[in-house]
Amino acid sequence: MTHHPFTRRIIEVIRRIPRGRVATYGGVARLAGNARAARQVTRVLHTLSQKEGLPWQRVINREGRISLRPGAGYETQRRALQAEGVHVDDTGRVNLEEYLWTPNPAHFALEDDAE
DNA sequence: AACCTGACTTCGG
DNA sequence: TCCGAAGCCAGGT
């Protein structure tokens, strides 16, 4: 499906988050080219996770916590993360110092429509 | 065809 | 450090 360029970049960044690691909404937005577009990441995850088969569980908020609320996806996301080795504590928090994915930004800046 | 919303962050005072 | 306002924009109503 033909998405706008920025939407496509967001999708690509999300697809590159390694298994067992996490990224923040803002971080994905920054790598996609616009640090202030965190809400667009939210939008993409909400509307395209299923269609694009995205590893949506790897995106959490800036505080290292799962944003989804209990009964509305929180449990599913927590299980999915733990299943790939990411420890999530009782309050839905992940230690970013340990699990945050930190790729070289320059790598993404050069690609417009990688795969 | 406006208007509202959202799994958020950053900015400026 | 804290808080409201701004930024972002495709989808659903």
Side-chain angles (χ1 to χ4, degrees):
Chain A
M1 30 196 62
T2 129
H3 297 299
H4 283 70
F6 187 56
T7 294
R8 271 182 282 151
R9 287 200 289 279
I10 289 175
I11 290 173
E12 275 313 306
V13 173
I14 293 173
R15 283 189 170 145
R16 295 182 186 206
I17 304 171
R19 182 184 169 73
R21 304 301 292 285
V22 298
T24 65
Y25 299 92
V28 170
R30 184 162 47 254
L31 290 171
N34 187 336
R36 301 184 208 164
R39 297 188 82 176
Q40 305 327 301
V41 176
T42 291
R43 198 200 87 239
V44 169
L45 286 169
H46 191 274
T47 63
L48 304 173
S49 286
Q50 183 93 38
K51 297 174 183 173
E52 301 288 338
L54 303 177
W56 60 273
Q57 72 275 18
R58 298 174 192 158
V59 184
I60 59 180
N61 68 36
R62 183 178 199 315
E63 302 182 321
R65 298 182 308 193
I66 289 176
S67 288
L68 290 174
R69 300 208 290 245
Y74 168 84
E75 295 83 356
T76 302
Q77 183 166 18
R78 186 175 184 213
R79 274 198 298 278
L81 284 175
Q82 304 238 65
E84 52 184 69
V86 176
H87 177 262
V88 184
D89 72 18
D90 298 327
T91 67
R93 185 167 161 210
V94 171
N95 182 346
L96 293 182
E97 306 257 306
E98 180 175 5
Y99 298 103
L100 184 66
W101 174 52
T102 55
N104 183 339
H107 175 61
F108 290 84
L110 297 176
E111 335 187 21
D112 292 344
D113 60 341
E115 169 225 18

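As the structure is a computational prediction, the values presented were derived from the model and not from experiment. Proteins get letters first, then strands, A, B, ... in listed order; numbering begins at 1 in each.
In this structure, R36(A) and T47(A) both approach DNA chain C, and ranking their closest nucleotides by distance from the 5' end singles out R36(A). Between R43(A) and A38(A), the residue anchored nearer the 5' end of DNA chain C, judged by the nucleotide with its closest heavy atom, is A38(A).
Scanning DNA chain C 5' to 3' for nucleotides with an atom closer than 4.0 angstrom to a non-hydrogen atom of chain A gives a first and last hit of dG7(C) to dA10(C).
The side chain of N61(A) lies closest to dT9(B), out of dT9(B), dA7(B), dT10(B).
Pairs of residues two or more places apart, or lying in two chains, that qualify as salt bridge (Lys or Arg N to Asp or Glu O under 4.0 Å) and include a residue from residues 57-70 of chain A are R58(A)-E84(A), E63(A)-R65(A).
If you take atom P in dA6(C) and the same atom in dC4(B), they sit 16 Å apart, rounded to whole Å.
Between R79(A) and Q82(A), the side chains place no donor N or O within less than 3.5 Å of an acceptor N or O (distance only, hydrogens not considered). Side-chain contact check for R16(A) and H107(A): at least one donor-acceptor pair (N or O, by modelled atom type) lies under 3.5 Å.
In this structure, T24(A) reaches the sugar-phosphate backbone alone: every heavy-atom distance under 4.0 Å involves primed, P, OP1 or OP2 atoms, never a base. R65(A) comes within 4.0 angstrom of nothing in the nucleic acid, heavy atoms only. Across all strands shown, I60(A) has heavy atoms under 4.0 Å from sugar-phosphate atoms exclusively, and none from any base.
The nearest whole Å value for the distance from the OH atom in Y25(A) to the C1' atom in dT9(B) is 12 Å. As rounded to whole Å, 16 Å separates atom P of dA7(B) from atom CD of Q50(A). In this structure, the CD1 atom of I10(A) is 14 Å from the P atom of dC8(B), given to the nearest Å. To the nearest angstrom, P of dA7(B) lies 22 Å from CZ of R93(A). Atom CD1 in I14(A) sits about 14 Å away from atom P in dA7(B), given to the nearest Å. Distance, H46(A) NE2 to dC8(B) C1': 14 Å, rounded to whole Å. In this structure, I17(A) atom CD1 and dA7(B) atom P are separated by 18 Å, rounded to whole Å. Separating the CD atom of E75(A) from the C1' atom of dA7(B) is a distance of 14 Å, rounded to the nearest angstrom.
In this structure, the separation between CH2 on W56(A) and OG1 on T76(A) is 5.5 Å, given to the nearest 0.5 Å.
In terms of heavy-atom proximity, Y74(A) sits nearest to T91(A) at OH-C, 3.9 Å. Here the closest heavy-atom approach between residue V59(A) and residue T24(A) is recorded as CG1-C, 4.1 Å.
Contact annotation: R62(A) side-chain N/O to dT10(B) OP1/OP2 distance is under 4.0 Å.
A salt bridge links R15(A) with E12(A): the distance from a Lys NZ or Arg NE/NH1/NH2 to an Asp or Glu carboxylate oxygen falls below 4.0 Å.
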